**Student:** 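Can you keep this structure in mind? I'll have questions shortly.
Not measured: the values here are computed from a predicted model. Sequence lines set the chain letters: A, B, ... in the order given, protein chains first and strands last, and positions in each chain run from 1.
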2 protein chains.
Amino acid sequence: MEKRATIKDVAEAAGVGVATVSRVLSGGSASPSTRERVLAVAAQLDYRPSALGRNLRQRRTGGMGLLVPDLTDTFYGQLAEGVLACARSAGEPVVLGSTGGDPEQEADLIGMLLEQSVDRLIAVPSGDAETWSPALRAGMTVIFADRLPAQSLPDDPGGTALADLLLLDGLSPAPQPPPQPQFQTRPRPLDVPAVVADDRAGIRTAVRYLRGLGHKRIAFLGGPGQHRRVAAFREAVGAPVDEELVVFGTGSRDSAYAAASGLFQSRPDLSAVVAGGNVLGEAAVLAARELDLRVPKDVSLVMYDDVPWAELCSPPLTVIAQPGRDMGYRAAELVLRSGGRKPRSVVLPTELIIRGSCGPHR
Amino acid sequence: MEKRATIKDVAEAAGVGVATVSRVLSGGSASPSTRERVLAVAAQLDYRPSALGRNLRQRRTGGMGLLVPDLTDTFYGQLAEGVLACARSAGEPVVLGSTGGDPEQEADLIGMLLEQSVDRLIAVPSGDAETWSPALRAGMTVIFADRLPAQSLPDDPGGTALADLLLLDGLSPAPQPPPQPQFQTRPRPLDVPAVVADDRAGIRTAVRYLRGLGHKRIAFLGGPGQHRRVAAFREAVGAPVDEELVVFGTGSRDSAYAAASGLFQSRPDLSAVVAGGNVLGEAAVLAARELDLRVPKDVSLVMYDDVPWAELCSPPLTVIAQPGRDMGYRAAELVLRSGGRKPRSVVLPTELIIRGSCGPHR
DNA sequence: CTGAAAGCGCTAACAC
DNA sequence: GTGTTAGCGCTTTCAG
């Protein structure tokens, strides 16, 4: 437990001032001879600059924060791996928090990050504009990943927020939403960049695929924060959406199971289900089995997220794959490279991977 | 992007000295009237003490580091959730790193944590004593989780290290290993506390269960860092272990698959497999399917780790469940409560959950 | 090109 | 009880 050498030790041993050491080590200007001597001494003393001093001086902690709803959800595991890979190659620390999908815990974690002066954050958001305003007001560089916060428009209780869907819909630039009336108390959409999958295209492709198989009654099994996917589903299915076929879990595996089970029982006439995420897909498989529904004979299933175990199911699950790892990596790149400026959003492609969980409508 | 209030601002606004503010906020002594005034002003100014100043002053970053091999492995996701839950309730930050099971990356991450002055660390270790000595020498409080570093004894190339097995074998206190001869260059076992599952009992139970089903040729499909489980398997199987029935992947899903596939092909006479972790179990299921081996008709399978998708397989997988979340939570508790002292190790129970992947030996 | 010095925000002696 | 003060290790003006 010996104490580490400080910059002062190095300066003395090299016979130079601390400023010179600092310059040399951060690539500043110095005469070749000095530079060499300092480097030698630093190596000799096994000097590692302390992030503590630097952080205080710069009034900011390096690295980035990462907030995800649940690490036992394999997709978020992939996302996190991507972020960590990028951070590691940059030698930057990542402060991780798991929100459980709960805006309150999310707010607490944001507070913790603020206290740590972490000023760059990648988040799969659970709260709304109110939850996020402290971070934004503090000047944090925030990048959302995988989804955007719900926009609690008064007339849109389900959080479907069409404007939100329009905001990031793939290749076609979205038209600006109409200017809000002045003195409006309704929160405006957060102007935060995001790295998300092209949900609209992904869902559309899946729905068309199912349609092509002859399915008419297609259900959507959603989770919290999936307003973009639901909206895409509604759009893909077309005008008169059977509302009973759109159900939601609250995020836990139990509630996902309950939602799936309820769906199957209340509407035995449905012939296909699109699950909005892997936890929901898992629930659908379980519920179907419990109710003796055969996949794909009795019900076809498409799951959002490709995860290793999708192939283990029998039959293997047809999925809408989104690049979780890339998503994390890209987000980390953006947040690291943003020199304070606000990065641009990124939409990543999805891919329908056809395996065995969909069959023709009987 | 307004700048935050500092302790000085609060002191001035409350008409007291900075020390008093500091004391009040850290629960020190102060007269009721002062305390109240300071608290009021602090709330008023929305003052949040900056961790930066405190950290530098105390020459240590709060919170803890967490190093795991791979977050897409659901078990480590569970473990991480446990750590995060404990940290969150303590309001402490967690700096996360993913090592990919690679000692070099692990060493890099340890260096990064040292640079950040993170002095408490929970790790699923991949490297050996050499990898870990920097952390230990720097006075870090380290707790291993899930497994212990391999002890590269010269005459124990497989890393089986019986002493290691004896070190933590559940309820019975282990006998002290015989004193090492002096002048020995061989590294001694690391004296680092750990939170692990009772691998010995878990494996033993599984092997007995399979034996009870009539299986004679039982294979073990292991991964890196599983020396304790292999040793337990050898012990449970008894003296003449058929070495061809003990195979290893290197950690990646690909290599796990290759190992499983190779095993099934080279030894068609085996009738049961114990997979040392969920990634290995996944590989075993996939390889068996590819080779047209039916589970459990042709081969019985027990997998270490209970993960949600184990129930999705058909048949659902019989597993040795270990409490991943608890493991993480306990480790975090230990590392947070250790006031510098070295915590005691903890061994958590496992449970054999019988589902449908094991059948009688034909 | 280099060194001296001024803090960053906080805590912990130490005086009163 | 409370205020004053001295740094923690580093970066960054500002002179030389």
**Student:** Please tabulate the protein-to-nucleotide N/O contacts below 3.5 Å involving nucleotides 2-6 of chain C, giving atom names and distances.
**Tutor:**
from	atom 1	to	atom 2	distance (Å)
C/dT2	OP1	A/S31	OG	2.9
C/dT2	OP1	A/T34	OG1	2.3
C/dT2	OP2	A/S31	N	2.7
C/dG3	OP2	A/G17	N	2.9
C/dG3	OP2	A/T20	OG1	2.4
C/dG3	N7	A/R23	NH2	3.2
C/dG3	O6	A/R23	NH2	2.3

**Student:** For residues 8-20 of chain B, which residue pairs pass the salt bridge (charged side-chain N to carboxylate O under 4.0 Å, His left out) check, not counting sequence neighbours?
**Tutor:**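 Checked against salt bridge (charged side-chain N to carboxylate O under 4.0 Å, His left out) - neighbours excluded - no pair reaches residues 8-20 of chain B.
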**Student:** C/dC1 C1' sits how many Å from A/E36 CD, rounded?
**Tutor:**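 For the pair A/E36 CD and C/dC1 C1', the rounded distance is 17 Å.
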**Student:** Calculate the interatomic distance between A/R37 atom CZ and C/dC1 atom P; express it in whole Å.
**Tutor:**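 That distance rounds to 15 Å.
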**Student:** Applying side-chain contact (heavy atoms from CB on, under 4.5 Å), can you list everything that pairs with A/S98, at least two apart in sequence or on another chain?
**Tutor:**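 Checked A/S98 against side-chain contact (heavy atoms from CB on, under 4.5 Å); matches are B/E81, B/L84, B/R88.
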**Student:** For A/G63, does its backbone N or O pair with a side-chain atom of A/R120 as donor and acceptor, under 3.5 Å?
**Tutor:**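 At least one qualifying donor-acceptor pair exists.
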**Student:** Is it true that B/R54 and A/E115 make a salt bridge, defined as a side-chain N closer than 4.0 Å to a carboxylate O?
**Tutor:**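 Looking at B/R54 and A/E115, the cut-off is met.
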**Student:** Separation of A/R60 atom CZ from C/dG7 atom C1', in whole Å?
**Tutor:**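 After rounding, the reported distance stands at 18 Å.
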**Student:** Whole angstrom is fine here: how far is it from CD in A/Q58 over to C1' in C/dC8?
**Tutor:**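 Rounded to whole Å, this separation is 10 Å.
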**Student:** Within this structure, what is the CZ-to-P distance between A/R54 and C/dG9, rounded to whole angstrom?
**Tutor:**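 After rounding, the reported distance stands at 18 Å.
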**Student:** Report the residues that fulfil ring pair (Phe, Tyr, Trp, His ring centres under 6.0 Å) with A/F144, sequence neighbours left out, ordered by chain and then residue number.
**Tutor:**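 Partners of A/F144 by the ring pair (Phe, Tyr, Trp, His ring centres under 6.0 Å) criterion, ordered by chain and then number, come out as A/W132.
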**Student:** Can you tell me if the side-chain N/O atoms of B/S22 get under 4.0 Å from OP1 or OP2 in C/dT11?
**Tutor:**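 Yes, because at least one side-chain N or O of B/S22 sits under 4.0 Å from OP1 or OP2 of C/dT11.
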**Student:** For a 4.0 angstrom threshold against heavy atoms of chain B, report the outermost contacting nucleotides of DNA chain D in 5' to 3' order.
**Tutor:**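 Nucleotide range in contact with chain B: D/dG1 to D/dG9.
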**Student:** Using the side-chain contact (heavy atoms from CB on, under 4.5 Å) rule, take B/V21 and B/V24 through it: C-alpha gap first, then chi angles, then the decisive distance, then the call.
**Tutor:** CA-CA 5 Å; B/V21 178; B/V24 168; 5.9 Å; no
**Student:** Test of understanding: with ring pair (Phe, Tyr, Trp, His ring centres under 6.0 Å), list the residues that count as partners of A/F75, not counting sequence neighbours.
**Tutor:**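 With sequence neighbours excluded, A/F75 shows a ring pair (Phe, Tyr, Trp, His ring centres under 6.0 Å) to no residue whatsoever.
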**Student:** Has the side chain of B/R48 got a donor or acceptor atom that lies under 3.5 Å from a matching backbone atom of A/G111?
**Tutor:**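 Yes; judged by distance alone, with no hydrogens or angles, the pair exists.
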**Student:** Let me know the distance between CG of B/L56 and P of C/dG7, rounded to the nearest Å.
**Tutor:**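 Interatomic distance, CG of B/L56 to P of C/dG7: 16 Å.
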**Student:** Please check: side-chain N/O of B/R325 versus main-chain N/O of B/L79, any donor-acceptor pairing under 3.5 Å?
**Tutor:**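 Here the side-chain-to-backbone pair does not exist.
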**Student:** So A/I7, base contact, sugar-phosphate only, or nothing? Heavy-atom distance under 4.0 Å.
**Tutor:**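 Answer is base: heavy atoms of A/I7 come under 4.0 Å of a base.
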